[in-house]
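We count residues from 1, following the sequence as given. Both backbone and side-chain heavy atoms feed into the values below; hydrogens, waters and symmetry mates do not. Each ligand, and each atom within it, is numbered from 1 in the order the structure gives. Note that the structure is predicted; figures quoted are calculated from it, not measured.
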Amino acid sequence: MAKSVPYKIYLTENELPRRWYNIRADMKEQPDPIINPGTGKPLTQEELSGLFCTELAAQEMNHTDAFIDIPKEVQAFYKMFRPSPVVRAYCLEKALGTPAHIYYKFEGSNTSGSHKLNSAAAQVYYAKKQGITHLATETGAGQWGTALSMACGFFDVDLKVYMVKVSAEQKPYRKAVMETFGANVIPSPSDTTEVGRKILQANPGTGGSLGCAISEAIETAMTTENCRYVLGSVLDHVVLHQSVIGLEAKAALEKYDIYPDIIIGCAGGGSNLGGLIVPFVRDKLTGKANPHIIAVEPASCPTMTRGRYAYDFGDLGGTTPLLKMYTLGAGFIPAANHAGGLRYHGMSPIVSKLYHDGLLDEARAVEQTKVFDAATLFAKHEGTLIAPESAHAVRVAIDEAIKCRETGEAKTILFGLSGTGYFDMAAYMDYRSGEMVDFVPSDEDLERGFASLPTV
Ligand SMILES: *Cc1c(COP(=O)(O)O)cnc(C)c1O
């Protein structure tokens with residue numbers, strides 16, 4: 001008899017991961033190197049250390065150590081909000097009438113409301129340790145800025161957050177939360193930076209974009225004394241920190257001899273998906289198991305399903321190093337009516353490489369009204385109001401569970417539930433009033449973005 005599985009599986013404090021997992025050490029082929037656009041050559045760790053603090057630059061370049069110790073201070077911070085539970089979605093299974101077993105790893109049970117705190121804690125700790133006194137960053141939907149504000153409040157580091165203007169207007173409470181933790185929040189594009197002033201001049205009515213806010217944050221980091229830039233997604237060191245999600249999920253499931261057949265995550269910059277899947281991709285690399293892994297993205301910002309695998313800038317201003325990734329072009333600006341987050345034009349180089357090499361099996365694009373259908377169903381049956389981003393993963397988990405109902409297969413599905421949606425009620429309201437429309441960019445729309453790709 002199999003052990004009966006509780007609604008929630010928690011690890012004990014003693015069982016929490018003490019090391020992050022660095023999948024690059026196990027990848028047979030490395031992602032292509034980061035390129036310095038000035039020299040056209042691979043970026044050195046030293047060059048990267050001007051932008052990011054030293055330890056993070058080292059982690060970004062590390063492709064030899066499979067496991068990296070989580071500093072004691074970060075472990076202590078983690079214990080304030082971890083372990084996060086693995087939840088068996090019994091009620092949703094029943095509502096769907098599916099034989100599938102559905103599990104989700106819930107990262108929304110901290111005040112910032114998402115997984116982003118996992119990396120924020122680590123990044124601010126390393127900055128503080130190095131004696132950095134100021135950090136600058138961007139935030140789109142607001143979760144990264146909030147997580148970073150919490151970590152900066154905790155470790156006592158000064159923080160400037162460039163928040164995408166439409167988002168700052170839609171979510172005044174997010175801004176207030178960040179300010180409560182001590183951050184200085186500036187709607188972007190702003191007139192506080194040269195690049196912001198340029199973008200405003202060219203595009204006076206713009207509601208901003210992540211790519212534009214990144215340019216502003218980088219300029220601030222480069223022109224402020226003892227300041228560094230921090231990024232909440234995309235980069236290898238962020239995926240490294242987020243591996244805590246997958247490590248915990250795998251260990252929790254192992255307690256009940258459970259191994260997923262299907263693993264699903266939503267993908268914006270790729271960090272929660274990457275963090276969830278890397279320990280399972282390791283099993284693929286070693287031939288131990290072969291779960292089917294699905295990345296889910298919005299049809300309005302279809303980076304993996306319709307993008308190019310190419311070198312691109314991380315920002316609109318073209319100030320970052322060049323990353324080889326799936327991208328819609330840094331010049332791609334998603335539809336203003338798209339509510340669901342996941343608006344970034346690029347994708348984590350690690351996630352991109354795994355997808356390119358077939359280790360991440362599938363990418364699916366879903367339309368936002370269907371995403372909110374799933375979020376609403378999930379709220380009713382699982383009692384959690386989730387972030388629109390996370391609802392992309394829920395959409396596909398439900399679709400897979402319905403397939404199981406049709407075939408009678410009792411597959412085990414694990415998905416990442418990256419966060420809560422309390423600050424996304426405007427989008428939920430648009431959905432319920434019928435004002436939400438699905439926007440799928442035409443090929444010509446995408447061509448405009450591709451035209452901004454640099455020649456490398
Ligand atoms: C930021 C965010 C995402 C998207 O970022 P990734 O780096 O792709 O994980 C997804 N869900 C939530 C709740 C977020 O805050």
Under 3.5 Å, N or O to N or O, is S390 touching ligand 1 that way?
no

If you measure from each non-hydrogen atom of H115 to ligand 1, which part falls under 4.0 Å: side chain, backbone, both or neither?
side chain

Which heavy atom of the protein is the closest neighbour of atom 7 (O) of ligand 1, given with residue, atom name and distance?
S233 OG, 2.4 Å

Nearest-contact summary for atom 12 (C) of ligand 1 - protein heavy atom, Å:
S418 OG, 3.4 Å

Is R19 close enough and on-axis enough to F67, meaning under 6.0 Å and within 45°, for cation-pi?
yes

Write out the residue and atom name of the closest protein heavy atom to atom 4 (C) of ligand 1, then the distance separating them to 0.1 Å.
L342 CD2, 3.5 Å

Could you list the atoms of ligand 1 found under 4.0 angstrom from a heavy atom of Q143?
13 (C), 15 (O)

Looking only at the aromatic ring of each residue, does the gap between the centers of F280 and Y259 stay below 6.0 angstrom?
yes

Any atoms of ligand 1 less than 4.0 Å from a non-hydrogen atom of E389? List them with their elements.
10 (C), 11 (N), 12 (C)

Please list the nearest protein heavy atom to atom 2 (C) of ligand 1 with its residue and the distance rounded to 0.1 Å.
K116 NZ, 2.3 Å

Compute the ring centroids of F77 and Y125, then answer whether they are less than 6.0 Å apart.
no

Go through ligand 1 atom by atom and flag the ones less than 4.0 Å from a non-hydrogen atom of G268.
8 (O)

Under 3.5 Å between any N/O of G270 and any N/O of ligand 1: does that happen in this structure?
yes

When you check the side-chain N and O atoms of D26 and Y21, is any donor under 3.5 Å from an acceptor?
yes

Under 3.5 Å donor-acceptor, R395 side chain and K370 backbone:
yes

Under 3.5 Å, is there a donor-acceptor pair between the side chain of E382 and the main chain of C91?
yes

Could you please spell out the steps behind the salt bridge (charged side-chain N to carboxylate O under 4.0 Å, His left out) verdict for D32 and K324?
CA-CA 6 Å; D32 292 319; K324 178 78 175 280; 2.7 Å; yes

Could you list the atoms of ligand 1 found under 4.0 angstrom from a heavy atom of A267?
8 (O)

Would T54 and Y126 count as a side-chain contact (heavy atoms from CB on, under 4.5 Å) if you check the C-alpha gap in whole Å, the side-chain angles of each, and the deciding distance to 0.1 Å?
CA-CA 8 Å; T54 311; Y126 288 123; over 6 Å; no

S114 heavy atoms within 4.0 Å reach ligand 1 at atoms 13 (C), 15 (O)

Heteroatom proximity flag, G419 to ligand 1, N/O under 3.5 Å
no

Where on V234 is there a heavy atom closer than 4.0 Å to ligand 1, on the side chain, on the backbone, on both, or on neither?
neither

Heavy atoms only, cut-off 4.0 Å: how does Q242 contact ligand 1, side chain, backbone, both, or neither?
neither

For the backbone of D236 and the side chain of E60, can you confirm whether one donor and one acceptor N or O come within less than 3.5 Å of each other?
yes

So, does K8 use its side chain to make a donor-acceptor pair with the main chain of P85 at under 3.5 Å?
no

